[in-house]
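Any value given below was found using the heavy atoms of this structure, including those in side chains, with hydrogens, waters and symmetry copies removed. In what follows, every chain begins at residue 1, and chains take the letters A, B, ... in the order their sequences are listed.
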Number of protein chains: 2
Amino acid sequence: MKPKYMTLVEALESMIQSMGKNEMIPSERVLAKEHNLSRMTVRKAIDYLVDQNKLYRVNKVGTFTTDEKLYKKVDAFSGFTNEVRRAGGEPSSELIEYSLQAANKHIAANLGIKEGDLIYKVIRLRKKNGVPIMIDEAHFPQAIIPLNEQVVTGSIYDYIQNTLGLKIVTANQRFKATFAKKEYQKYLEIDELTPVIRTELHVYLEDGRIFEFNHGYINTDRYEIVSKSYQ
Amino acid sequence: MKPKYMTLVEALESMIQSMGKNEMIPSERVLAKEHNLSRMTVRKAIDYLVDQNKLYRVNKVGTFTTDEKLYKKVDAFSGFTNEVRRAGGEPSSELIEYSLQAANKHIAANLGIKEGDLIYKVIRLRKKNGVPIMIDEAHFPQAIIPLNEQVVTGSIYDYIQNTLGLKIVTANQRFKATFAKKEYQKYLEIDELTPVIRTELHVYLEDGRIFEFNHGYINTDRYEIVSKSYQ
DNA sequence: ATTAAAATATGGTATATACCAATAATTTTG
DNA sequence: CAAAATTATTGGTATATACCATATTTTAAT
């Protein structure tokens, strides 16, 4: 059974969708009355959306929409599928390429394996609610992650954690502004003059082995990278 | 007057400090009784710490400490000067503009203040080892951060923390690929076709007030953004 | 029309209470 | 001693209520 505040979150999300930026939403008391909820429950729903950067509050004035688009959390890495889902979206991916090949020097160095060792190369176009957001080339050492075509069309991270029982502990990510490869521009629905963020990602297992080396191109008009840091 | 849940947050923080990782803290009901608070107030304090990744909950079991110490080190926000220094570089900055002005609608919304409130606008070219890396426009509400020209040429963060005695707790940052403003291109030593990463930064004080809204342009050929995340 | 006072609305905090569902500890049963 | 049943404990959700301090709007006075 879905909690009531979650139902309200969804209602508010679609309301926000149809609003401009920095517009005020109805007050907590009004929302409570409209939805037959207590104000505390309404606050919980709003808390949820404030945490997601979709709303912000101004004390004694009101609660307003942000210019939030899609965003990517940097501080807790869980794979594209889970990240999009957590942000309240419906993730999907289109498989562009899937092959088993020998690692070249560059890939081998980034995975900490020997040149010539077998790796799976997986190129996927990632979408949120059907909208292309990023395209990425992932490389997995066959010796650690035995893939097959069925797994590749789903969430590889769920497979690694649940089926293989491996524990993912850290991810190092680098960001750089650049242009996308020509052959990727059509997938991302951009032209040759649209800058993108290129990510480079190394993901580690508990024992320190790298099981994924990934580089991707993000259309930041559709998917902004967000990071939250604490002191 | 400090809210009660904040007092509990502090008490819990020092408790966490003396505990190991993945250790269970007392239950909400016990904490409520011990501190003469209602359980809802205790939950609010725990919510705060969960959001900061210092605690995590397991439904029907308990609330536990994380291995946050490591995480904090990597992702802690400390301003450009300290960040460059930590990376082993020599930071410096060139003051491009410094003025006191009335906040326009956009700036006011981002700082959570009223349109027309006075803010300091500080534009600086940031360098690492004398090489221009990024340029940023920072905005500080005068009511919170009283600046002067001398402070602006040094580390504003050191001034805020040491002289004003304010506590910086969180920073939200967003990244987007774009091009730099024309007048900034010469400072960054790039041409009009070099993509940059645009950052947008909100920095928060302990009481939730935003004391800095900042947007900057990074020459990622010289300065890549790196993030490390834990699961 | 301007100014001043009053009323209203807002988010922020805090309490007390209640029930749920699943886990973990305890007790009972065989 | 082992298995099963019971009980206590846990976080999750939800309501109703109350008061605060300030921003905004409305009304009244000048």
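- For the salt bridge (charged side-chain N to carboxylate O under 4.0 Å, His left out) test, residues two or more places apart in sequence or in another chain that qualify with A/Arg174 are B/Glu224.
- Applying the side-chain contact (heavy atoms from CB on, under 4.5 Å) criterion to A/Met40, with sequence neighbours excluded, gives A/Ser38, A/Arg43.
- In 5' to 3' order, the nucleotides of DNA chain D bounding all contacts with chain A (an atom under 4.0 Å from a heavy atom) are D/dT13 to D/dA23.
- Scanning for side-chain contact (heavy atoms from CB on, under 4.5 Å) contacts around B/Val9 gives B/Tyr5, B/Met6, B/Glu13, B/Ala45, B/Tyr48, B/Leu49, with sequence neighbours left out.
- One interatomic measurement links the two molecules: CZ of A/Phe64 to C1' of C/dA9, which rounds to 12 Å at whole-angstrom precision.
- Checked against side-chain hydrogen bond (donor to acceptor under 3.5 Å, both in side chains), B/Lys182 has no partners two or more places apart in sequence or in another chain.
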Extract from the structure each pairing of a protein N or O with an N or O of nucleotides 19-23 of chain C at less than 3.5 Å, listing the distance.
unit_1	atom_1	unit_2	atom_2	d
C/dA22	O4'	B/Lys60	NZ	3.3

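- Looking at which nucleotide of DNA chain D each of B/Met40 and B/Ser27 is closest to, the 5′-most match is held by B/Ser27.
- Listed by chain and residue number, B/His106, B/Ile107 satisfy the side-chain contact (heavy atoms from CB on, under 4.5 Å) test with B/Asn104 (two or more places apart in sequence, or in another chain).
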Stepwise salt bridge (charged side-chain N to carboxylate O under 4.0 Å, His left out) test for B/Lys2 and B/Glu10: CA-CA 11 Å; B/Lys2 193 186 297 176; B/Glu10 286 161 13; 3.4 Å; yes
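- Direction change of the helix axis from one end of the helix from C/dA1-D/dT30 to C/dG30-D/dC1 to the other is 10°, with five pairs defining each end axis (rounded to 10°).
- In this structure, the CG atom of A/Leu55 is 16 Å from the P atom of C/dT10, given to the nearest Å.
- Shown here are the side-chain hydrogen bond (donor to acceptor under 3.5 Å, both in side chains) partners of B/Arg57, two or more places apart in sequence or in another chain: B/Glu28, B/Asp47.
- Among residues two or more places apart in sequence or in another chain, the side-chain contact (heavy atoms from CB on, under 4.5 Å) test is passed with B/Thr220 by A/Lys176, A/Ala177, B/Ile197, B/Ile218.
- Taking the side-chain hydrogen bond (donor to acceptor under 3.5 Å, both in side chains) definition, one finds that A/Lys4 meets it with nothing, sequence neighbours left out.
- In this entry the distance linking NZ of A/Lys33 with P of C/dT10 reads 11 Å, nearest Å.
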When the side chains of residues 95-103 of chain B are checked against the rest of the protein, which donor-acceptor pairs come out under 3.5 Å, sequence neighbours left out?
unit_1	atom_1	unit_2	atom_2	d
B/Glu97	OE2	B/Ser99	OG	3.4
B/Ser99	OG	B/Gln101	NE2	3.1

